[in-house]
Amino acid sequence: MSYTIPPSTSLNNNTPTNHKFPYSSNPKTLLKTLTFPFNIPSKLTLTSLKSSTTTNYNELGLDEEMGRIKRLQNGSDVRGVAVEGEVGRKVDLTPPAVEAIAESFGEWVTNGLVKEKGRPIEDDVRVSLGRDPRISGSLLSVAIFSGLGRAGCVTYDMGLATTPACFMSTVLSPFLYDASIMMTASHLPYTRNGLKFFTKKGGLTSPEVEEICDKAAFKYANRLTKVSTLLRTTPKRVDFMSVYAKHLRDIIKERVNHPQHYDTPLEGFQIIVNAGNGSGGFFTYEVLDKLGADTFGSLHLKPDGMFPNHIPNPEDKVAMSVTKTAVLETSADLGIVFDTDVDRSGVVDKEGNPINGDKLIALMSAIVLKEHPGSTIVTDARTSMALTRFITDRGGQHCLYRVGYRNVIDKGVQLNEDGIEAHLMMETSGHGALKENYFLDDGAYMVVKIIIEMVRMKLEGSKEGIGSLIKDLEDPLESIELRMDILSEPKDAKAKAIEIIETFKSYIEEGRLDGWELDACGDCWVSDGCLVDSNDTPAPVDAQMYRAKVSNEENGQYGWVHIRQSIHNPNIAVNMQSTAHGGCLSMARVFLDKYLIASGMDRVLDYSQIDKYAKNVNIN
């Protein structure tokens with residue numbers, strides 16, 4: 001049966017209810033009464049279902065069905081193709097898949113509360129759902145509510161929302177939900193969608209999402225119809241975004257404490273917002289405008305799930321370029337670029353200089369180290385040697401760690417638990433979390449911190465813009481990222497990537513790459529290329545990766561190479577930075593000749609990008 005909301009049901013119904021789903025216990029009856037929007041796999045038969053508890057999954061074809069769900073896990077998120085339109089990719093994030101995952105999440109939350117309280121819970125388990133404007137959102141929302149209803153949860157519909165707002169709905173009164181789900185695929189194309197999960201403790205870890213997907217895979221493979229019955233009741237519709245926006249406004253007002261106009265501290269400032277047609281437009285209307293800012297010239301504020309103007313991504317060159325143009329044309333004090341779900345951001349200063357990547361980390365480090373001298377700043381291991389100098393010159397400590405925003409944030413949490421003050425955790429992608437804000441990666445909160453500093457600077461008499469805080473940050477002389485596709489079946493790609501990357505590590509340890517050494521950052525309990533914990537509570541490894549520092553007699557240490565397994569696609573990313581002319585080219589040639597070809601790993605990879613670069617061929 002297809003997902004349908006009965007005509008008699010209003011989406012504005014304000015009565016929260018538990019969902020009941022009458023299912024026939026007779027599979028043959030189900031087949032007579034249900035219609036299917038897609039084909040049931042031929043291997044999944046009524047006969048096989050009767051014996052599924054005693055027969056090997058592989059004999060029934062159920063192992064492949066379960067694999068479909070497990071492959072949707074994307075680190076600490078779930079992501080997949082939700083709409084047709086990608087060459088070579090089939091739709092795999094279907095309503096049945098999403099329903100099974102949501103049901104398993106609801107059960108996981110309930111079981112966690114029971115364990116936490118040490119007794120059966122008496123109150124309803126309350127879960128909220130927000131989503132970005134993607135065109136697949138409406139259909140998949142019904143599936144999520146259906147799955148949560150199966151798990152016995154009471155559901156709340158936040159509508160268009162941001163990822164940080166979903167977490168905040170678990171901690172801000174009077175909402176205080178037990179858990180939340182955000183439906184988004186961040187900056188990926190309109191065809192994609194995904195799920196991010198939160199409890200009051202924060203975002204789920206990769207092992208936790210893996211556990212949920214494992215249970216969902218079993219439900220999916222053993223559910224004959226692969227679809228839900230009618231969603232006969234609707235969740236309670238709530239307006240959380242206005243409460244979240246007021247929360248941000250109050251922070252700005254209180255911390256600026258403007259001596260002339262407390263309630264409108266942004267009077268006299270022009271600020272451009274580029275929401276990229278995602279969920280970030282609220283920041284213009286509900287935060288900046290109400291605080292007195294002039295936001296004339298802001299871009300792409302209307303939500304549009306087709307993202308017609310550019311990718312909503314602070315790393316995107318087009319997004320930053322059009323924002324720069326708007327800032328310069330309007331003589332604005334600041335430009336802001338949000339990604340689709342607003343857990344990342346970038347800015348443009350009054351001079352039109354884009355501030356993202358290392359520059360954004362440096363800017364936030366400068367602000368945080370003023371407030372918390374000596375703090376450790378945790379970043380992923382793709383940051384430059386110049387950033388490390390920038391942080392240490394200001395009295396901070398720099399902890400390089402595993403790529404992946406969840407890894408970086410969790411490392412900061414661990415350091416604080418071990419007695420090391422770490423107030424900022426930030427990845428080069430723009431994901432940044434602060435200890436003062438629940439260790440939550442919130443692009444809007446990052447911008448709030450920058451705006452507060454901008455206003456304070458003006459009140460102190462400075463005529464310089466926010467960019468002046470990072471004027472002594474040096475850019476790397478050379479920097480490049482190259483990709484290698486893994487030539488294998490999707491189900492084998494992860495194991496093959498691990499083999500390739502572990503072989504790389506072995507070649508360095510055995511001294512086969514002259515002048516290459518696995519990197520380490522000292523006393524943060526991090527070893528093996530700043531990527532693997534060696535303390536008493538090592539974090540689980542979600543993707544294999546290493547960083548090597550590269551030296552020669554002429555320049556000393558002049559660069560680094562970082563190799564990592566992608567959790568999004570069956571490929572391996574290779575990042576290089578150099579402070580010497582021709583350094584990246586030299587490292588690429590050593591990587592190609594003395595590792596890839598010498599080890600035989602070239603036979604299982606499409607390494608054409610590296611080959612062209614090493615041969616000094618334009619790869620664009």
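Computed from heavy atoms alone, side chains included, the values below leave out hydrogens, waters and symmetry copies.
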*Hey, could you give me the CG/CZ distance between Asn416 and Phe439, rounded to the nearest 0.5 Å?*
4.0 Å

_Gap separating the CG atom of Leu172 from the CZ atom of Phe167, nearest 0.5 angstrom_ = 9.0 Å

*Write down the atom of Pro303, the atom of Leu160, and the distance for their closest heavy-atom approach.*
CG-CD2, 3.5 Å

*Asp123, CG: over 12 other non-hydrogen atoms inside 6.0 angstrom*: no

*Within a strict 4.5 Å, meaning less than it, do heavy atoms of the Val81 and Leu93 side chains meet?*
no

_SB check Glu315 Arg344 (cutoff 4.0 Å)_ = yes

*asked:* What I want to find out is whether Glu99 reaches Lys219 closely enough, with some N-O distance under 4.0 Å, to be called a salt bridge.
replied: no

*Heavy-atom distance under 4.5 Å between the side chains of Pro95 and Leu140, does that happen here?*
yes

*Minimum-distance pair of heavy atoms, taken over all atoms of Pro314 and Ser429*: CG-O, 4.3 Å

*Could you go step by step and tell me if Glu107 and Arg150 meet the side chain to side chain contact (heavy atoms under 4.5 Å, CB included) rule?*
CA-CA 9 Å; Glu107 293 172 349; Arg150 279 179 173 273; over 6 Å; no

*asked:* Which residue is it: Asn74, Val78, Leu204, Asp343? I am looking for the one with a side chain to side chain contact (heavy atoms under 4.5 Å, CB included) to Lys196.
replied: Asp343

*Look at the aromatic rings of Phe283 and Phe338 and report parallel, tilted or perpendicular, splitting at 30° and 60°.*
perpendicular

*Between Thr199 (side chain) and Lys201 (backbone), is there a donor-acceptor pair under 3.5 Å?*
yes

*Any ion pair linking Glu421 and Lys435 (charged N to carboxylate O, less than 4.0 Å)?*
yes

_Cys153 to Thr110 - nearest heavy-atom pair and separation_ = SG-OG1, 4.4 Å

*Of Ile144, Ile181, Val209, Leu72, which is the lone residue that meets side chain to side chain contact (heavy atoms under 4.5 Å, CB included) with Ile101?*
Leu72

*What heavy-atom pair brings Ser345 and Gly443 nearest, and what distance separates the two atoms?*
OG-O, 3.0 Å

_Asp304 CG to Arg134 CZ distance, which is reported to the nearest 0.5 Å_ = 11.5 Å

*Please examine the side chains of Glu427 and Val403, heavy atoms only from C-beta on, and report whether any two atoms are closer than 4.5 Å.*
yes

*Do the charged groups of Glu84 and Lys90 touch, with an N to O distance under 4.0 Å?*
no

*asked:* Show the nearest heavy-atom pair for residues Gly276 and His310, with the distance to one decimal.
replied: CA-CE1, 3.9 Å

*asked:* Under the criterion side chain to side chain contact (heavy atoms under 4.5 Å, CB included), I'd like the reasoning laid out for Cys213 against Arg71: C-alpha separation, chi angles, the key distance, then a yes or no.
replied: CA-CA 9 Å; Cys213 287; Arg71 286 194 291 273; over 6 Å; no

*Is the shortest side-chain N to carboxylate O distance from Glu436 to Lys449 below 4.0 Å?*
yes

*For Asp442 and Tyr244, run side chain to side chain donor-acceptor pair (under 3.5 Å): C-alpha distance rounded to whole Å, both residues' side-chain angles, the deciding distance at 0.1 Å, then the answer.*
CA-CA 12 Å; Asp442 185 343; Tyr244 172 64; 2.6 Å; yes

*How long is the span from the CZ atom in Arg131 to the CE atom in Met158, to the nearest 0.5 Å?*
12.0 Å

*Charged N-O contact under 4.0 Å between Arg564 and Glu481*: yes

*Does a side-chain heavy-atom distance below 4.5 Å link Tyr445 with Ile251?*
yes

*May I ask you to test the Ile572-Ile486 pair for a side-chain heavy-atom distance under 4.5 Å?*
yes

*Does any N or O in the side chain of Asp492 come within less than 3.5 Å of the main-chain N or O of Ser488, such that one atom is a donor and the other an acceptor?*
no

_Let me confirm one number: the NE2-CG distance from His423 to Leu415, rounded to the nearest 0.5 Å._
11.5 Å

*Using only heavy-atom distances, determine whether the side chains of Asp132 and Thr340 contain a donor-acceptor pair under 3.5 Å.*
no

_Tyr546 ring center near Phe504 ring center (under 6.0 Å)_ = no

*Heavy atoms, side chains only, cut-off 4.5 Å: are Lys200 and Tyr177 in contact?*
no

*Report the C-alpha distance between Glu208 and Thr205 in whole Å, list the side-chain angles of each, state the deciding distance to 0.1 Å, and finish with yes or no for side chain to side chain donor-acceptor pair (under 3.5 Å).*
CA-CA 5 Å; Glu208 289 169 338; Thr205 64; 3.3 Å; yes

*Using a distance-only test with no angle check, is there a side-chain donor-acceptor pair under 3.5 angstrom linking Asp418 and Gln414?*
yes

*Is it true that the NZ or CZ of Arg126 lies under 6.0 Å from the centre of Tyr156's six-membered ring and within 45 degrees of the ring axis?*
yes

_Separation of Asp485 CG from Asp606 CG (nearest 0.5 Å)_ = 5.0 Å

_Over 60° means perpendicular and under 30° means parallel, so tell me whether Phe197 and Phe105 are parallel, tilted or perpendicular._
tilted

*Do you see a donor-acceptor pair shorter than 3.5 Å between the side chains of His562 and Asn575?*
no

*asked:* Are the side chains of Val238 and Asp157 in contact, using a 4.5 Å heavy-atom criterion?
replied: no

_Intermediate values then yes/no, side chain to side chain contact (heavy atoms under 4.5 Å, CB included), Val125 and Val154_ = CA-CA 6 Å; Val125 175; Val154 176; over 6 Å; no

*asked:* Any carboxylate oxygen within less than 4.0 angstrom of a Lys/Arg side-chain nitrogen, looking at Glu210 and Lys70?
replied: no

*Please answer whether the main-chain N or O of Val142 pairs with a side-chain N or O of Ser146 as donor and acceptor at a distance below 3.5 Å.*
no

_Verdict with supporting geometry, Ser279 and Thr162, side chain to side chain donor-acceptor pair (under 3.5 Å)_ = CA-CA 6 Å; Ser279 297; Thr162 68; over 6 Å; no

*NZ/NE/NH1/NH2 to OD/OE distance under 4.0 Å, Asp77 and Arg79*: yes

*Is there a donor in the side chain of Ser76 and an acceptor in the side chain of Ser206, or the other way round, less than 3.5 Å apart?*
no

*Just wondering, do His431 and Met426 contact through their side chains at under 4.5 Å, heavy atoms?*
no

_Least distance between heavy atoms, Leu434 atom then Met364 atom_ = CD1-CE, 4.3 Å

*Decide side chain to side chain contact (heavy atoms under 4.5 Å, CB included) for Val243 and Met168; before the verdict, give the C-alpha distance in whole Å, the side-chain angles of both, and the deciding distance to 0.1 Å.*
CA-CA 10 Å; Val243 174; Met168 294 301 292; over 6 Å; no

